[in-house]
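Sequential numbering from 1 along the given sequence is applied to the chain's residues.
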Amino acid sequence: MTGAPVRTLLLWCPDWPVLAAEIVDGVPATGPVAVLHANRVVACSTPARAAGVRRGLRRREAQGRCPALTVVDHDPGRDARAFEPVVAAVEEVAAGVEVVRPGVCALAARGPARYLGGEEAAAERIIEQVAESCAVESQVGIADGVFAAGLAARTGQVVPPGGTPGFLAGLPVEAIGRPALADLLRRLGVRTLGEFAALPAGDVLARFGFDAALAHRLAAGHDHRPLAVRQPPVDLTVTAHHDEPLDRVDAAAFAARMLAERLHDRLAGHGLACTRLGIEAVTAHGQELHRVWRHDGLLTAAAIADRVRWQLDGWLSGSTGRAGARPARPTAGIVRLRLVPDGLLARGGLQPGLWGEAGEERDRAHRALSRVQGILGPEAVVTAVLGGGRSPADQTRLVPWGDERLPARPGPPPLPGAPAKPPLPGASVTPPVDGSSGVVPPPSAGAGRGGAARAGRRGSPVPPWPGRLPPPAPAVVLPVPLTATVHDAAGEPVLVSARLAVSAAPARLAVGGTAPAEIVGWTGPWPVDERWWAPAEARRRARFQVCLADGAALLLAVEAGRWLVEAIYD
């Protein structure tokens with residue numbers, strides 16, 4: 001059973017990556033500034049937005065809209081270091097601050113509201129404290145749960161207790177923070193969080209998956225944490241003692257990485273993963289430091305190490321705030337470091353697959369393949385991309401690893417009603433020919449064949465690739481077709497006329513210099529006449545499927561009087 005969401009106060013600093021660049025690197029945030037990651041804008045300043053720059057734009061497009069744009073690379077470590085003075089300022093007013101991400105922190109609203117005279121008074125006091133100590137503008141939202149409080153902070157609202165579902169109901173589905181899911185819901189007619197929350201939870205899970213089920217809980221006003229969250233056992237915490245005090249960031253980061261791996265291994269041994277991490281440090285003079293980091297997904301070993309390193313960097317470097325505010329730097333080096341996992345979840349329902357997004361297998365595979373490319377060249381590692389086309393060789397494009405996976409030819413997969421069985425031994429079937437392919441049906445097709453084509457056009461839309469081979473797809477597509485000869489029962493070569501009339505039933509097939517094999521079943525011809533308007537690129541051929549006596553199934557093509565083996569069926 002789930003309890004009521006905790007009343008949460010969330011502080012949000014708009015455009016924090018831009019402010020962090022100003023605090024750490026001196027880039028003035030009063031001008032047009034954009035922070036880029038993977039060549040796309042992740043944050044921009046107010047003057048940049050006024051010039052048309054938006055999140056998600058590519059670098060060239062952003063600079064085209066604002067020629068005076070200053071571009072800064074995204075640095076999560078810089079954002080975390082610069083945010084430490086803000087968190088320290090909030091802790092001077094209220095205890096128990098959790099860092100959601102650099103630029104956003106949250107805490108339970110009950111305590112500050114009680115001793116500061118109400119929730120609105122607590123929000124005003126915290127905003128004033130951050131402005132006076134760090135010269136940073138911030139907004140506070142209060143609602144039931146971290147997710148609703150984050151949305152309320154965008155407009156500086158205090159949602160009344162119990163009013164979170166109504167507050168969320170009128171917001172667009174894009175507020176859920178999942179663009180792919182929001183686009184799908186839009187196309188299904190679901191436009192607001194209220195409409196999404198009204199859908200049955202079981203149907204959402206069955207249709208859209210686990211992540212959409214969590215989003216459905218958020219839209220309904222429940223806390224953003226699953227109810228399986230429990231307090232960690234005492235033995236899951238990991239502690240490291242250091243005889244030599246750690247007073248340098250690089251030495252502390254090395255120790256933090258080893259400790260993070262120990263914590264991750266211990267959690268994995270119990271089948272658990274944490275979504276919240278407590279970092280505790282004790283200096284040689286007995287000073288105690290504590291901070292809590294929150295993460296939307298599961299914290300991997302690398303993610304734990306990054307957050308510990310960022311936090312130690314903020315403590316030991318004593319990064320200066322925007323107005324010169326500096327948190328109290330430890331008076332001595334760290335002699336004890338302790339990691340406390342919190343917000344534990346059972347990993348049983350979230351085990352990643354071979355290329356899973358929840359684990360690190362995808363990153364490890366990417367690093368391995370990129371290393372092979374570095375040794376052998378970019379073209380040494382390729383992946384297949386499916387697309388449109390009339391022949392199996394046209395429907396697959398090999399793309400180097402890391403390049404954009406776009407099909408060479410657009411087009412959806414074959415129509416659901418296409419034939420799905422290979423030719424039967426001893427049978428000779430001529431499939432319907434779509435008149436839009438530019439090929440005249442052979443006279444042998446008869447009236448029934450034309451009638452079938454007309455009925456298909458009346459009952460369903462014309463396929464996007466007329467003349468495309470029906471399924472199943474062949475198992476092996478030969479990079480270079482093999483030359484073959486096809487003879488009838490009398491030993492005469494089988495010919496196909498310009499009007500697709502087959503001279504005789506195929507009886508024997510010889511590939512290259514091999515002995516002829518008996519053909520026990522065949523179907524065809526399937527004609528294709530491509531690019532007839534460009535004589536230099538024009539191509540006209542007819543294709544056949546044949547079954548041999550030894551059980552092999554081949555895809556043949558006859559072009560300019562020559563027979564070729566294009567593919568092999570499994």
Side-chain angles (χ1 to χ4, degrees), residues 6 8-11 77 79-112 115 126 129-130 133-134 146 225 229 231-242 245-247 249 251-253 255-260 262-264 266-267 274-295 299 303-319 321 325-344:
V6 177
T8 304
L9 184 150
L10 186 139
L11 180 133
D79 298 347
R81 291 194 304 272
F83 193 55
E84 179 59 25
V86 177
V87 181
V90 176
E91 280 193 330
E92 294 180 5
V93 178
V97 180
E98 298 178 356
V99 180
V100 178
R101 64 178 183 275
V104 179
C105 60
L107 65 154
R110 179 181 178 185
Y115 62 78
I126 290 177
Q129 178 69 20
V130 172
S133 302
C134 308
V146 176
R225 292 295 177 206
V229 175
Q231 294 297 325
V234 178
D235 62 341
L236 292 181
T237 61
V238 293
T239 306
H241 298 271
H242 304 279
L246 302 175
D247 54 2
V249 175
R257 184 168 188 84
M258 298 179 60
L259 200 61
R262 285 176 50 194
L263 174 62
H264 186 267
R266 183 169 296 185
L267 291 174
C274 67
T275 59
R276 195 164 52 187
L277 176 68
I279 305 173
E280 299 177 358
V282 179
T283 67
H285 292 171
Q287 183 181 3
E288 296 183 0
L289 306 173
H290 179 73
R291 181 73 70 238
V292 178
W293 281 80
R294 183 187 293 266
H295 184 57
L299 284 169
I304 294 174
D306 287 342
R307 280 151 181 79
V308 178
R309 174 171 54 84
W310 297 340
Q311 188 58 58
L312 293 177
D313 192 1
W315 280 336
L316 295 178
S317 64
S319 300
R326 182 186 296 272
R329 194 176 187 274
T331 56
I334 295 174
V335 296
R336 187 176 69 189
L337 185 61
R338 187 166 180 255
L339 302 184
V340 182
D342 196 3
L344 296 184

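- The two residues Gly278 and His290 come nearest to each other via the heavy atoms CA-CE1, 4.4 Å.
- To the nearest 0.5 Å, the span separating SG on Cys105 from CD on Glu91 amounts to 9.0 Å.
- The minimum heavy-atom distance linking Glu92 with Ser133 is given by the pair OE1-OG, 4.4 Å.
- At a threshold of 4.5 Å between non-hydrogen side-chain atoms, the residues Leu11 and Val97 do not count as touching.
- Look at Arg338 and Glu288 and you find no salt bridge, because none of the NZ, NE, NH1 or NH2 atoms lies under 4.0 Å from a carboxylate O.
- Annotation: the span from Asp342 atom CG to Thr237 atom OG1 amounts to 12.0 Å, rounded to 0.5 Å.
- One distance of note links CG of Leu316 with CD1 of Ile334; it measures 4.5 Å at 0.5 Å rounding.
- Here the options are Leu267, Val238, Ile304, the test is side chain to side chain contact (heavy atoms under 4.5 Å, CB included), and the partner is Pro341; only Leu267 passes.
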Next item on the list: Check step by step if side-chain contact (heavy atoms from CB on, under 4.5 Å) holds for Leu337 and Leu259.
Entry: CA-CA 9 Å; Leu337 185 61; Leu259 200 61; 3.8 Å; yes
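- Within the model, atoms CG of Leu299 and CH2 of Trp293 stand 11.0 Å from one another, a figure rounded to the nearest 0.5 Å.
- In the displayed structure, Arg262 atom CZ is contacted under 6.0 Å by more than 12 heavy atoms of other residues, nucleotides or ligands.
- Panel note: side chain Arg257, backbone Ala253; no donor-acceptor pair is recorded below 3.5 Å.
- Rounded to the nearest 0.5 angstrom, Ile279 CD1 and Trp315 CH2 are separated by 6.0 Å.
- Leu107 and Ala95 get closest at one heavy-atom pair: CD1-O, 4.1 Å.
- For the atom pair SG of Cys274 and CG of Leu263, the computed distance is 5.5 Å after rounding to the nearest 0.5 Å.
- The shortest heavy-atom contact between Arg291 and Ala88 is NH2-N, 4.4 Å.
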